[in-house]
> 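Structure below; questions to follow.
These numbers come from the heavy atoms of this one structure, side chains and all, not from hydrogens, waters or symmetry mates.
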Amino acid sequence: MRFIANTSDIEKYLGVKINEHHSIKNISTDTRFLKKDSIFFAIKGENFNGNDYVEEALKKGAVIAIADDRRFANSKEEKIIYVKDTTLALAKISSNIIKDFDGKVIAITGSNGKTTTTNIISKTLKHSSSTIENFNNEIGMPLSVLNASPKAKQLVLEIGASKFKDIDYLSKILNPHIGVITNIGNSHLEQLKNIKGVLKVKSEIIKNIKSNGFLVVPNENKKHLDYWKKIRRDIKIITFGMSKDADFYASKIKIKHNGTNFHIVSKFIDEPIQIKTSFEGTHNIKNILASCVTNFCLNKKLNGFAKSLNSNEFKNTRQNKSKWLKGSILIDDTYNANPDSTKKSIDLLSNYKKKTILILGDMLELGRYTKKLHKEVGEYANAKGIDLMLGYGDTAKYAINGFGKNGIYFRNEDDLKDYLKENVSSKDVILIKGSRGMRMERFINV
């Protein structure tokens, strides 16, 4: 059961007249994966126009298609609904669903850790609907809302940004009870220019939080915290972090190769909460802390949060570990990369006592900081004792230069694959990372 389960739901939330009603089994923006009894949204992109596939969608069994090309403005086909802008139509539908929703809405943004934190929050809250995969932009986030269950008590949604006003646009749709900022780091600098730009765009969520709602933020940067406090006076700010001056902080930390143990301590709770989790790394401690605070804001029992997190059913959404070439250990962190998330992955890799190898692809969208930030990552990997660094792409060479003599740069994909086949051994731990556009997963199946 989802909010959009029948064409009558489209009629209600979009405010259009539909003469004949049908059940909707799927929601699609891509005819390649469209199934019978779907609704098709014709989305325009930089290199494609979904309006060109409307007829194909109907032939494949779509019960309705929402299009915004003028050629459909006077169409006599009742299955085609013409709107001025399909992206804005998605926003209108999802916004009206949110207005109709009786439960709590939680919105999560930040430079790193959004998807993991969203996953933890949704899985530790009973009766929740969450972001589909990593659908967090102006198309994906509304689609997650449309696919959510009307029986849910919480909607937990990730919102991302690549430019100014993105977070404002998405959080205005959600009008969340709780806004979470996981961190402020070096991401999308091509558009956002610098760390101040990142802070500004992530903070756009704050003005759209409901009055008397909550803002959950890290306390590691006092200037950032002071900035957030000045934006709103009618919401409560609760902080998390690794130091004792945070409202919720971690103590007695023991990081192992198969997980992490620590206590969550807070002035708001009588006894520390003991956490035993398969998540590795300090960065995931912060993701867990942010999730714990969110549970607290919803008046949930934190022992229940810990029990759910500690269960064997709970899986990490990033940094998947498996046996690899010649019995080596592979840490697959190919999903995405920016300088801050890469340094956190290096921290994780450096905990291993075996020979450590970092395979790094280009970190994209860094603008004028590209060379400098790649070089810093290479220097950081060297300082953390990583044994070997392999770079691939156009700009990873700067990271290799920063790493030094035990770094090797590859221009050719096949050359790197051949090197791995010949040189990886059972004594190695290998971490692969790079921006999404680099498709670093290509090096897993060598």
> CD/Glu133 to OG1/Thr115 distance, rounded to the nearest 0.5 angstrom?
10.5 Å
> Looking only at atom types and distance, does a side-chain atom of Ser266 sit under 3.5 Å from a main-chain N or O of Asp247, one as donor and one as acceptor?
yes
> To the nearest 0.5 Å, what is the distance between CD1 (Ile205) and CD1 (Ile178)?
10.5 Å
> Has Lys371 got more than 12 heavy atoms of other residues, nucleotides or ligands less than 6.0 Å from its NZ?
no
> Taking Asp68 for its side chain and Thr86 for its backbone only, find out whether a donor-acceptor pair lies under 3.5 Å.
yes
> One thing to verify: whether Lys372 and Glu376 come together as a salt bridge, which I'm taking to mean a side-chain N less than 4.0 angstrom from a carboxylate O.
yes
> Salt bridge (charged side-chain N to carboxylate O under 4.0 Å, His left out): which pairs involve residues 436-446, sequence neighbours left out?
Glu413-Arg442, Arg436-Glu441
> Please check if any side-chain donor atom of Asn137 sits under 3.5 Å from a side-chain acceptor atom of Asp166, or the reverse.
no
> Are Thr131 and Val156 close enough, and set up right, to give a side chain to side chain contact (heavy atoms under 4.5 Å, CB included), and what steps lead you there?
CA-CA 7 Å; Thr131 295; Val156 186; over 6 Å; no
> Kindly indicate whether a cation-pi arrangement holds for Lys300 with Phe305, taking the cut-offs as under 6.0 Å to the six-membered ring centre and within 45° of the axis.
no
> Give a yes or no answer on whether the side chain of Glu77 reaches the backbone of Lys79 with a donor-acceptor pair at less than 3.5 Å.
yes
> If only atom types and distance count, is the side chain of Thr182 paired as donor or acceptor with the main-chain N or O of Asn112 below 3.5 Å?
yes
> Would the distance check show the side chain of Lys433 and the main-chain N or O of Asn336 forming a donor-acceptor pair, the cut-off being under 3.5 Å?
yes
> Would you say that more than 12 heavy atoms from the other residues, nucleotides or ligands in this model lie under 6.0 Å from the NZ of Lys417, or not?
yes
> If you compare all heavy atoms of Tyr82 against all heavy atoms of Ala73, which two are closest, and at what distance to 0.1 Å?
CG-CA, 3.6 Å
> Applying side chain to side chain contact (heavy atoms under 4.5 Å, CB included) to Ile209 and Leu215, what does each step give before you reach the verdict?
CA-CA 8 Å; Ile209 296 172; Leu215 174 65; 4.0 Å; yes
> Say whether, by atom type as modelled, one donor and one acceptor occur between the side chain of His177 and the main chain of Lys210 under 3.5 angstrom.
no
> Tell me whether Lys153 at atom NZ has more than 12 heavy atoms from other residues, nucleotides or ligands lying less than 6.0 Å away.
no
> With no hydrogens and no angle check, is any side-chain donor or acceptor of Ser435 less than 3.5 Å from a backbone partner on Ala337?
yes
> Among Ile66, Thr7, Ile39, find the one that has a side-chain contact (heavy atoms from CB on, under 4.5 Å) with Ile81.
Ile66
> For Asp347 and Tyr380, does a side-chain donor sit closer than 3.5 Å to a side-chain acceptor?
yes
> Considering non-hydrogen atoms only, spot the tightest contact between Tyr249 and Met242 and give its length.
CB-C, 4.5 Å
> Which distance, rounded to the nearest 0.5 Å, do you find between the CD1 of Ile121 and the OG1 of Thr294?
3.5 Å
> Kindly indicate, with the supporting measurements, whether the criterion side chain to side chain contact (heavy atoms under 4.5 Å, CB included) is fulfilled by Ile106 and Leu125.
CA-CA 11 Å; Ile106 301 107; Leu125 291 173; 4.2 Å; yes
> Okay, side chain of Ser308, backbone of Lys123: is any donor-acceptor separation there less than 3.5 Å?
yes
> Are Leu90 and Ser94 close enough, and set up right, to give a side chain to side chain contact (heavy atoms under 4.5 Å, CB included), and what steps lead you there?
CA-CA 6 Å; Leu90 270 173; Ser94 54; 5.6 Å; no
> When rounded to the nearest 0.5 angstrom, what distance separates OH in Tyr53 from CD1 in Ile43?
14.0 Å
> Using a cut-off of 6.0 Å, state whether more than 12 heavy atoms not belonging to Lys104 lie near its atom NZ.
no
> Walk me through whether Asp52 and Arg71 qualify under salt bridge (Lys or Arg N to Asp or Glu O under 4.0 Å).
CA-CA 10 Å; Asp52 295 337; Arg71 73 186 110 152; 2.7 Å; yes
> If I compare all heavy atoms of Ser144 with all of Ile132, which pair ends up nearest, and what's the gap?
OG-N, 3.0 Å
> Side-chain donor-acceptor pair under 3.5 Å between Asp9 and Asn6, yes or no?
no
> Got a second to check how far Leu225's CG is from Thr239's OG1, nearest 0.5 Å?
6.5 Å
> Using a distance-only test with no angle check, is there a side-chain donor-acceptor pair under 3.5 angstrom linking Asp333 and Ser345?
yes
> Inspect the surroundings of NZ in Lys44 and state if more than 12 heavy atoms from other residues, nucleotides or ligands are less than 6.0 Å away.
yes
> Going by salt bridge (charged side-chain N to carboxylate O under 4.0 Å, His left out), Asp226 matches just one of Lys229, Lys222, Lys230. Which one?
Lys222
> Judged by atom type as modelled, is there a donor-acceptor pair below 3.5 Å linking the side chain of Asn51 to the main-chain atoms of Asp69?
yes
> What heavy-atom pair brings Lys286 and Glu220 nearest, and what distance separates the two atoms?
NZ-OE1, 3.1 Å
> Calculate, to the nearest 0.5 Å, the distance between atoms CD and CE belonging to Glu158 and Met141 respectively.
11.0 Å
> Judged by atom type as modelled, is there a donor-acceptor pair below 3.5 Å linking the side chain of Thr109 to the main-chain atoms of Ile159?
yes
> So, for Phe72 and Glu55, which heavy atoms are closest and what is the spacing to 0.1 Å?
CE2-OE2, 3.7 Å
